[in-house]
Protein chains: 4
Amino acid sequence: MSKDAKKPIPSRVLDPQLVEARRLQIVQAAVELFVDKGFHKTTTREIAKASGIGIGTLYEYLQSKEDVLYLVCAYIHSEVEKRLTEARLQAENGRDLLVMSIRRFFACVDELQDYVLLIYQETKSLPPETLKLVLQKEEEITQLFADILESGRRDGSIQLAPQHVKLTAHNIIVLGQMWTFRRWALHRHYSLEEYTERQVTLLLHEIHSH
Amino acid sequence: MSKDAKKPIPSRVLDPQLVEARRLQIVQAAVELFVDKGFHKTTTREIAKASGIGIGTLYEYLQSKEDVLYLVCAYIHSEVEKRLTEARLQAENGRDLLVMSIRRFFACVDELQDYVLLIYQETKSLPPETLKLVLQKEEEITQLFADILESGRRDGSIQLAPQHVKLTAHNIIVLGQMWTFRRWALHRHYSLEEYTERQVTLLLHEIHSH
Amino acid sequence: MSKDAKKPIPSRVLDPQLVEARRLQIVQAAVELFVDKGFHKTTTREIAKASGIGIGTLYEYLQSKEDVLYLVCAYIHSEVEKRLTEARLQAENGRDLLVMSIRRFFACVDELQDYVLLIYQETKSLPPETLKLVLQKEEEITQLFADILESGRRDGSIQLAPQHVKLTAHNIIVLGQMWTFRRWALHRHYSLEEYTERQVTLLLHEIHSH
Amino acid sequence: MSKDAKKPIPSRVLDPQLVEARRLQIVQAAVELFVDKGFHKTTTREIAKASGIGIGTLYEYLQSKEDVLYLVCAYIHSEVEKRLTEARLQAENGRDLLVMSIRRFFACVDELQDYVLLIYQETKSLPPETLKLVLQKEEEITQLFADILESGRRDGSIQLAPQHVKLTAHNIIVLGQMWTFRRWALHRHYSLEEYTERQVTLLLHEIHSH
DNA sequence: CATGAATGAGGTTTCATTCAT
DNA sequence: CATGAATGAAACCTCATTCAT
């Protein structure tokens with residue numbers, strides 16, 4: 001499984017640093033627009049204008065509007081990953097590490113809720129090949145939790161049948177992300193803290209940790 | 001909370017039975033198209049042709065493409081609800097009813113997975129006012145489970161703090177629906193039965209049912 | 001050799017008579033524009049406006065700008081053919097028929113000079129498959145003269161080796177058409193009549209008719 | 001009639017030798033591209049890249065894409081002229097010189113067929129003023145044959161009314177060039193040699209040379 | 001002298017919607 | 001009530017040209 005697969009998007013501009021910088025400009029302008037109006041209702045000219053560049057310049061750095069969407073998805077995933085991996089968490093055992101990680105993940109989902117939602121809603125507009133890459137990334141993030149669960153299994157702090165590891169990891173992710181895609185209901189009734197604690201409790205039950 | 005709120009969509013055609021019939025035609029053609037190509041990439045002309053009517057006729061029965069999307073969402077919700085309520089489940093107590101209901105719901109999600117996914121992905125294209133109605137319906141379905149939980153609390157078969165009822169109901173829904181929106185990962189590793197049983201187990205833990 | 005091969009251009013409009021009529025409108029507007037400014041410098045919007053229809057309507061009747069070019073070429077060829085075949089020429093023998101036909105062809109080239117030129121200059125902008133059809137038509141027209149030459153050979157009024165028939169036919173066509181594509185030089189020095197008679201003389205030499 | 005009229009194309013670069021050299025680079029790259037894809041479908045960037053220079057540099061040596069086309073036409077004409085005039089043909093009289101010249105011309109057309117075709121097809125994309133220059137050159141080349149005809153008239157080896165000289169010269173050119181622009185038909189049936197001999201015969205008839 | 005990043009006017013095409021029949 | 005021809009706003013994208021470095 002090739003990790004960190006990235007789609008190389010050709011650019012007519014040669015200087016890689018410039019490409020990086022301009023694309024960041026574009027992506028950051030685009031996320032906001034996509035969050036606001038959705039991918040389809042955002043025009044390329046709006047993206048260009050919001051990026052502070054001309055429409056022609058935009059197309060010097062990518063090849064299609066779908067490329068923008070891909071870059072946005074990749075950007076969001078990298079933001080998530082950055083937050084999940086930036087500081088090595090100190091924990092006594094796997095179970096504690098898990099709890100801390102879940103809390104950090106939920107906080108991150110809350111912080112990036114518009115972005116997380118965006119991925120949920122616009123991902124299907126990607127061309128199939130690109131979609132696969134984005135889902136792969138999603139799986140990689142899931143794997144972060146699978147690894148933690150595994151480490152807990154090894155040190156005995158987590159009891160979980162091996163075949164359940166993957167599913168539990170997915171559950172963690174989904175129960176986190178639902179904080180955004182069900183926010184119209186959840187935010188009315190629960191604070192992020194209440195929500196987090198309750199879901200942590202639920203998830204801990206799953207791993208037979210009394 | 002007005003139950004079963006429906007948006008009345010004006011039609012130039014007067015005979016209500018005809019309206020009903022034609023709209024069903026339209027909706028059933030549209031769901032398939034939306035599932036296949038997404039809302040935005042489906043044209044009104046395609047919808048008309050697949051419905052077996054002319055494009056002009058289409059607009060006799062609704063006012064915009066978004067109306068089709070709304071009707072499709074409503075149709076899907078009604079299909080889900082039909083399956084969830086068609087046969088009164090016989091159970092000794094709330095807990096058993098809950099388990100049976102969850103299984104039924106998961107089976108339903110599996111059966112209608114394309115439709116459920118559709119709601120997840122295209123809902124955001126609805127105009128805000130209409131979106132609210134769709135979310136309301138989603139909440140109604142959630143409430144079905146909240147009610148079951150409540151009944152279990154009343155007969156003592158379920159132990160759950162009152163403030164956790166809503167959340168647990170949402171969890172049930174989301175853990176069911178994730179079978180569709182994470183199918184790219186889950187279907188590779190689990191059968192519907194394995195998946196269902198595992199998630200049921202998890203959810204039962206939540207309600208302290210030993 | 002399939003004669004009169006035509007490319008069927010799909011139309012979203014069903015009524016074939018209407019399609020025929022509108023396409024004629026479009027084509028006649030387009031020829032003038034193409035003659036004036038060339039294919040590439042003419043915009044689809046100009047074509048629509050000159051046709052007296054909206055740009056959207058234009059695309060109801062064809063699928064691309066190249067389709068317009070093809071229709072224009074087909075139209076021009078049909079105009080040429082119409083003139084060449086409308087009245088059966090009365091002649092004593094093949095030789096006389098040939099002379100009369102040449103004169104008629106030259107007159108036709110003169111009358112349609114802008115159109116003939118257009119085919120010379122814009123044909124290469126057609127997609128390969130379509131280009132083939134247009135060249136086929138050009139060959140068909142050439143064949144008209146090959147047939148006449150053949151008839152003269154049969155009745156003895158024309159002496160020409162069989163293997164030279166095709167080439168002579170091409171010569172007739174080209175010596176006619178050059179009246180348009182070299183007009184910048186020829187029209188300065190010769191009238192159509194002078195030109196025609198001189199070229200007829202030349203061509204008659206070729207067929208050893210003293 | 002000013003002979004060898006050339007349009008001076010301004011260059012921002014001062015060194016005339018460098019200008020000459022770079023322009024040759026550009027032109028030779030451009031002909032191939034134009035032959036391949038046509039003038040309109042070739043981009044200036046492609047021309048620059050194929051020339052081995054930057055797009056900015058390209059514009060140091062000319063002022064517009066049309067300039068490239070003009071230079072290409074001039075280049076082609078000079079190539080033709082070079083071949084037609086490089087070796088002084090030795091002949092007994094005008095008639096023989098004519099025949100040798102025709103053969104040489106046809107061979108040249110065959111050798112440069114893509115280029116000759118290019119001039120036929122893209123010339124109309126030149127701005128009017130420039131077009132005139134190119135046509136003038138075309139006429140100059142025609143004049144080469146008119147001169148030969150004239151010399152034959154003087155030495156009695158060619159009988160041709162003075163008013164027919166120009167036309168005959170044009171006929172020679174066109175019957176040569178048609179080898180390229182009707183190649184889709186001619187090359188199927190005739191070899192260059194067959195073709196040449198047949199057309200030479202025809203043309204000799206025209207000048208009453210028994 | 002050489003470069004290539006930046007630009008925006010303008011190209012082709014689509015498609016939701018209307019309205020006369 | 002049914003139809004589909006007509007429409008034009010607006011979408012995405014290209015590319016000749018400029019100009020600061």
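Just the heavy atoms: all of them, side chains too, but no hydrogens, waters or symmetry mates, feed the values below. Being a predicted model, the structure only gives us computed values, none of them experimental. Every chain is numbered from 1 and lettered A, B, ... according to where its sequence line falls, protein lines coming before strand lines.
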Evaluate whether atom NZ of C:K132 has more than 12 neighbouring non-hydrogen atoms of other residues, nucleotides or ligands under 6.0 angstrom away.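 Atom NZ in C:K132 is not crowded, with 12 or fewer foreign heavy atoms closer than 6.0 Å.
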Over 12 non-hydrogen atoms of neighbours within 6.0 angstrom of NZ in B:K49: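 No, NZ of B:K49 has 12 or fewer neighbouring heavy atoms, counting only those of other groups under 6.0 Å.
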Taking atom CG of A:L33 and atom CD1 of A:I47, what is their separation to the nearest 0.5 Å?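 Nearest 0.5 Å value for the CG-CD1 distance: 6.5 Å.
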My validator wants the stems of DNA chain F: runs of 3 or more consecutive Watson-Crick or G-U pairs, both distances under 3.5 Å, written as range with range.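 DNA chain F stems, ordered by first number: E:2-21 with F:2-21.
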Looking for any heavy atom pair under 4.0 Å, which part of the strands does [X] touch: base, sugar-phosphate only, or nothing?
X: A:L58; result: nothing
X: C:R45; result: base
X: D:S11; result: nothing
X: C:T44; result: base

DNA chain E: A:G56 or C:G56, which has the more 5' nearest nucleotide?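 Mapping each residue to its closest nucleotide by heavy atoms, the 5'-most match is A:G56.
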Pick the closest DNA chain E nucleotide for B:S64 and for D:R12 by heavy atoms, then say which residue is nearer the 5' end.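 Nearest-nucleotide comparison on DNA chain E picks D:R12.
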Tell me if a side-chain donor or acceptor on C:K65 pairs with a main-chain N or O of C:F39 at a distance below 3.5 Å.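 Such a contact is found between C:K65 side chain and C:F39 backbone.
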Show the nearest heavy-atom pair for residues C:L133 and C:K6, with the distance to one decimal.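 Shortest heavy-atom separation between C:L133 and C:K6 comes out as CD1-C, 4.3 Å.
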